Amino acid sequence: MDIENTAELRLLIECARGGSLTAASREMGITPAAASAMLKKLEARLGVRLAERSTRALRLTMAGERLRDYAQRALELLDEGLALVSEGEGPAGKGRGSQAALRGRIRLSASSDLTRRVLLPLLDSFLDRHPGVELQLSVGDALQDVVRDEVDLALRYGELADSRLVARKLHDGRRLLVASPDYLKRQGRPAHPGELTQHECIRFKIGDRLEREWRFWRRDAMQAAPVEVSVQGRRTADDGGIAHQWALEGRGLTYKSDLDIRDSLASGALVEVLPEWVGRPMPLHALMPSQRFLPLRLKALVDHLAEGLRRP
């Protein structure tokens, strides 16, 4: 079945956004009767019910939600293509190229410590370069479902298991054991991972899973079996930024991604403990729901982040 015009797709998007035909018609500048007729015509042509209506509200069916998702991505690509043609090829846009024409929304999800300490300047420089791009940033260490939560791009640490996602590795790092100079002065520096049982360890919790064991490999024997240590401590957080702050304040040792703590290590606010050992791999990936709809603005942002993260 064919879609007769883009207005039908925009109507479906506005219906979902406003929750009623009246709100959708107002946004589109048409009458509620015209909006209702357009929706009914689309449903009849597709042979499927797209929305459940009541006297005051409208809710998309599962089929309507699915079509709305594709419609939104398709229209964003169309808008971007029109902008590329008009701004990149026209007399006024000659020489500006695609960089000036990128526009549309990017919904990005990333962990708290990574965002605040590493990503913010990179995101700001990207938005400064592309004034037509809108960023919706969701920050937190709870893992979002990229497909279900309609996230365009998620930055995640660790190995990947979800085959529905397209992934690009941005950083190939590891966890490091770190502490403040003040903590080490007061409590002493461990000489072996096994001595961590005698130290205050700041642990991390993701969802219902508490990290109880920290693993370490000798730098000069990476193929050997790791040393696994059961750690204890009075402080546990489900936010990496809080764990980082506690370590800066000398509250204990913590086990963090090298990317999150690189500025603190460079400034000397934190120091690496047991430098002849490294923790478990912590690659950072950019995850996208699929390659079917990959707007240029999304590819440009991933390229920008990859370049920025390569710099020390």
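Every value quoted in this text rests on a predicted model; they were computed, and no experiment measured them.
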Assigning hydrophobic clusters by single linkage (Ile, Leu, Val, Met, Phe, Trp, Tyr; side-chain heavy-atom cutoff under 4.5 Å), is [X] placed with [Y]?
X: L102; Y: L137; result: yes
X: V278; Y: V229; result: no
X: W246; Y: I261; result: no
X: V302; Y: V133; result: yes
X: L196; Y: W277; result: yes

Is the shortest heavy-atom distance from the side chain of [X] to the side chain of [Y] under 4.5 Å?
X: R251; Y: E200; result: no
X: V139; Y: R116; result: yes
X: S180; Y: L248; result: no
X: L259; Y: L284; result: yes
X: I242; Y: D113; result: no
X: F216; Y: E228; result: no
X: H244; Y: T254; result: no
X: L298; Y: L153; result: yes

**Item:** Criterion salt bridge (Lys or Arg N to Asp or Glu O under 4.0 Å) on R107 and D152, from CA distance to verdict
**Value:** CA-CA 5 Å; R107 295 160 293 190; D152 297 311; 2.7 Å; yes
Please check this pair: side chain of [X] against backbone of [Y], looking for a donor-acceptor N/O pair closer than 3.5 Å.
X: T236; Y: G233; result: no
X: S125; Y: P121; result: yes
X: T61; Y: L50; result: yes
X: H130; Y: G132; result: no

**Worked verdict on M28 versus L11 for side chain to side chain contact (heavy atoms under 4.5 Å, CB included)** = CA-CA 7 Å; M28 297 183 64; L11 175 64; 3.7 Å; yes
Roughly how far, to the nearest 0.5 Å, is [atom2] of [Y] from [atom1] of [X]?
X: L60; Y: L67; atom1: CG; atom2: CG; answer: 9.0 Å
X: H199; Y: L177; atom1: NE2; atom2: CG; answer: 9.0 Å
X: R103; Y: L296; atom1: CZ; atom2: CG; answer: 13.0 Å
X: Y157; Y: D260; atom1: OH; atom2: CG; answer: 3.5 Å
X: R26; Y: T31; atom1: CZ; atom2: OG1; answer: 12.5 Å
X: C15; Y: I13; atom1: SG; atom2: CD1; answer: 10.5 Å

Which heavy-atom pair separates [X] from [Y] by the least distance, and what is that distance?
X: T197; Y: S230; value: CG2-O, 3.6 Å
X: A110; Y: L119; value: CB-CD1, 3.7 Å
X: G250; Y: Y183; value: O-CD1, 3.5 Å
X: P226; Y: W217; value: CB-CE2, 3.4 Å
X: L170; Y: A286; value: CD1-CB, 3.9 Å
X: P190; Y: G188; value: CD-O, 3.8 Å

Under 4.0 Å between a Lys/Arg side-chain N and an Asp/Glu carboxylate O for [X] and [Y]?
X: R235; Y: E249; answer: no
X: E134; Y: R297; answer: no
X: R175; Y: E272; answer: no
X: K205; Y: D238; answer: no
X: R68; Y: E65; answer: yes
X: E43; Y: K40; answer: no
X: D303; Y: K299; answer: yes

More than 12 heavy atoms of other groups within 6.0 Å of [X] [atom1]:
X: R59; atom1: CZ; result: no
X: R234; atom1: CZ; result: no
X: R174; atom1: CZ; result: yes
X: M222; atom1: CE; result: yes
X: R218; atom1: CZ; result: yes
X: R49; atom1: CZ; result: yes

**Message:** Between V273 and L176, is the side chain to side chain contact (heavy atoms under 4.5 Å, CB included) condition met? List the steps.
**Reply:** CA-CA 8 Å; V273 183; L176 300 177; over 6 Å; no
**Message:** Test salt bridge (Lys or Arg N to Asp or Glu O under 4.0 Å) on R310 and E307; report intermediate values, then the result.
**Reply:** CA-CA 5 Å; R310 280 196 297 269; E307 180 184 354; 5.4 Å; no
**Request:** Run the numbers on L309 and L122 for side chain to side chain contact (heavy atoms under 4.5 Å, CB included), then give the verdict.
**Result:** CA-CA 9 Å; L309 292 175; L122 297 176; 4.1 Å; yes
**Request:** Measure up the Y255 and W214 rings against each other and bin them: parallel (under 30°), tilted (30 to 60°), perpendicular (over 60°).
**Result:** parallel
**Stepwise side chain to side chain donor-acceptor pair (under 3.5 Å) test for S257 and H171** = CA-CA 11 Å; S257 162; H171 177 74; 5.4 Å; no
**Message:** Evaluate R212 against Q232 for side chain to side chain contact (heavy atoms under 4.5 Å, CB included), listing each step before the verdict.
**Reply:** CA-CA 7 Å; R212 301 179 185 276; Q232 299 291 329; over 6 Å; no
